[in-house]
Amino acid sequence: MDHSSSEESDVSDSDIGVHEEKTYNQLRAGKVKVKHGESTFRCPFCPGKKKQDYNSKDLLQHASGVGAASKRKAKVKATHLALARYLKVDLAGSLESSPQLATVEYNPPGSEEKYVWPWMGILVNLPTELKGKGSVGESEERLRAQFSRFKPLQVTILWNSTDHADYAVMKFHENWNGLKDALAFEKHFNVERYGKTDWNKQNCRRDDLYGWVARSDDYNSLEPTGKYLRKNGELKGVRDLEHEGQQKMGRHVGYYARQIEEKNKYLEELKLMNNQNGLKLERMMEEKDQLFEEHNRNITEMQQDACKDSKRIIDENLKLYEELQAKKHEIDRRCKELNYLATNTNIDRGILVAEKEKNAKENELLSLANLKQKKADEELLRLVEKHKQEKEEALRKQVELELELDSRQKLELEKEQLRGKIEVMKMMGSEEDETLKELDELRKNLEDKDDDMESMDSLNQALIIKDRRTNDELEEAKKELINGLEKMAGVRSIIGVKRMGELDQKAFYNACKNKMPNDDLKLALVCSKWEDELRKPEWHPFKVIETAGQIKEIIKEDDGKLQALRAQYGDEACNVVVKALVEMNEYNPSGRYPVPQLWNFKENRRAPMPEAASYLVKQWKMHKKRNTYT
């Protein structure tokens, strides 16, 4: 490698860019000629060089190598850098190959050539200033900086048996870019005739460094380089490395494909859980709405009944009070008349005294009655106040129930959202501190929500037990009321007990008489048969339809049994059976037997408990009054 120049430079390293731009403009203006002939080029800045004629590829490699040399003078580097730029940009059409020839492209050699892996380069003929043992680290760093454009990872100076540093090993990256850099490192020396072949010549120059890429012959040599290479590397072909890379890539692809499949499967499970939770919440909302409607309906009925009772009691008290006042006025009038008669007539004083005593006693009784009436009024006011408090308490419980249900649903929703966030963070697999802290906070919040849900469940369970007890008490009261109405049932009873789902035998007899007018035994058998059919759970002649957004069940007109009944005994008999079927499906679809129900026969509807109780009390009072008169 020639470090001499015939020109003295007055350009400093800081002015290399300016001088390069100036030379580049001269080349573009044609003041400095480069091309001599069709495909012949010359370096205008190396006139004393033995080799004058180059092709475009060799001239570009020459200009790039000189411009990158660290030991060249600043002016020489600037002019050659400008020449390389001119060849790449302005003479790109005349180049024999791509303008990227200065950057060495890697073309994989044949499988028979082996390289030392990790990729290593060998430097020989080290300069004297790098052979000092006292500054080995500094020398290695200087070599690495000198060839930094080839991106070496490490430079190691080797010592022979006589403690002379004649060799250095330069280690490159273990990937394909590392091999590319190593081959560029070797080509840099080959261009300037400082490669391995040149070093092995007997009359080689000893004025600069020689370098090449370590191969099998270097690996097997007995020199210090061979020992170092065998200790720190191994021989591998390019095809072997490609095969290993493909196998590794295949393993990675298979692994990530399985991971993606598992993640997708897990995401599908999460979606299914989310849909199930959504359906569960929707059912809870529907149950809540039903509870609210039923509770509001009961409260409204209770308020209406209480208002009616209060109004009736107040009206009776006012009527009694008016009667008492009228009797009191009557007694006062009679006392005045007696006093007048006593003073103005000569009637028997004994009779007058007796009459006065009688009037005084009646007056005393009226006073006592008046006191009792006042006590009754006070008791009425107390009952009204108590009813008002009970109504307020019922409304308060309703509000508490609504708040509790809303809180429960909110907690359920927050729990599901927290669980979803935790699952998503687990799937992300992040190890960042902020994400871990957030994950811990979410888990802590989830535990708090679980505790709140447990306390809410306990309270809800207590309310459910209380509600069940209340329902049981109402059912017991309803049973007693039904028993009482059954005992006092009469022909003219407005409210009584009806067995829902039971076949109306009288109507069925009348409907079937037209078909069998003189056979009472057969009529009884037919009636018994259809009563048994009504109780069979497997016979369910209903179909489900949706009208106005509501789902309900109706009779299937094409049912085989019903069609046979209609054809044999007529529409009227079939309608009696259909009516019993509808009642059975409404009031006892699972048990399939008739159940007693409070019924208003006058209006042909179901009678609520307050109405039935009021009717029973009214009948009792009438019965008691009738017994009093008799």
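Predicted model, so just to flag it, every value in this text is computed and none were measured.
- Between Lys552 and Gln550 the shortest side-chain heavy-atom distance does not fall below 4.5 Å.
- Summarising the geometry of Glu531 relative to Gln505, their closest heavy-atom pair is OE2-NE2, 2.7 Å, with the distance given to 0.1 Å.
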All N/O donor-acceptor pairs, side-chain side in residues 555-566, below 3.5 Å, sequence neighbours left out:
residue: Asp559; atom: OD2; partner: Trp539; partner atom: NE1; Å: 3.2
residue: Asp559; atom: OD2; partner: Lys561; partner atom: N; Å: 3.2
residue: Asp559; atom: OD2; partner: Leu562; partner atom: N; Å: 3.3
residue: Lys561; atom: NZ; partner: Glu533; partner atom: OE1; Å: 2.7
residue: Arg566; atom: NE; partner: Asp571; partner atom: OD1; Å: 3.0

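- Using a 4.5 Å cut-off on side-chain heavy atoms (C-beta onward), Val238 and Trp176 make contact.
- Between Glu293 and Asn296, the closest side-chain pair of non-hydrogen atoms is not below 4.5 Å.
- Between Pro594 and Arg535, the shortest heavy-atom distance links the atoms CD-NH2, 3.4 Å.
- Shown here for Phe601 and Val497, the closest heavy-atom pair between the two residues is CZ-O, 3.8 Å.
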| request: Verify side chain to side chain contact (heavy atoms under 4.5 Å, CB included) between Val577 and Phe508, making sure each step is shown before the conclusion. | output: CA-CA 8 Å; Val577 175; Phe508 193 75; 3.8 Å; yes

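- With hydrogens and angles left out, the side-chain atoms of Glu262 and Tyr266 include no donor and acceptor closer than 3.5 Å.
- A donor-acceptor pair under 3.5 Å is absent between the side-chain atoms of Asn274 and the main chain of Leu270, judged by distance alone.
- Glu553 is listed as a side-chain neighbour of Asn585, based on a closest heavy-atom distance under 4.5 Å.
- Side-chain contact between Glu316 and Arg312 is present, with heavy atoms from C-beta onward closer than 4.5 Å.
- Proximity of Cys335 to Ile331: side-chain heavy atoms (C-beta onward) are separated by under 4.5 Å at one or more points.
- Within the 4.5 Å cutoff, side-chain heavy atoms of Tyr587 are placed close to those of Arg606.
- A salt bridge links Arg605 to Glu611: one of the charged nitrogens lies within less than 4.0 Å of a carboxylate oxygen.
- Looking at Gln259, Arg251, His252 one by one, the single match for side chain to side chain contact (heavy atoms under 4.5 Å, CB included) with Tyr255 turns out to be Gln259.
- Between Glu330 and Arg333, at least one side-chain N (NZ, or NE/NH1/NH2) sits under 4.0 Å from a carboxylate O, which counts as a salt bridge.
- Within the 3.5 Å criterion, the main-chain N or O of Asn175 finds a donor-acceptor partner in the side chain of Trp119.
- In terms of heavy atoms, Tyr593 sits closest to Asn588 at O-ND2, 2.9 Å.
- Minimum interatomic distance between Pro610 and Asp305 (heavy atoms only, all atoms of both residues): CB-OD2, 2.8 Å.
- You'll find the side chain of Glu583 stays beyond 4.5 Å of the side chain of Gln597, heavy atoms only.
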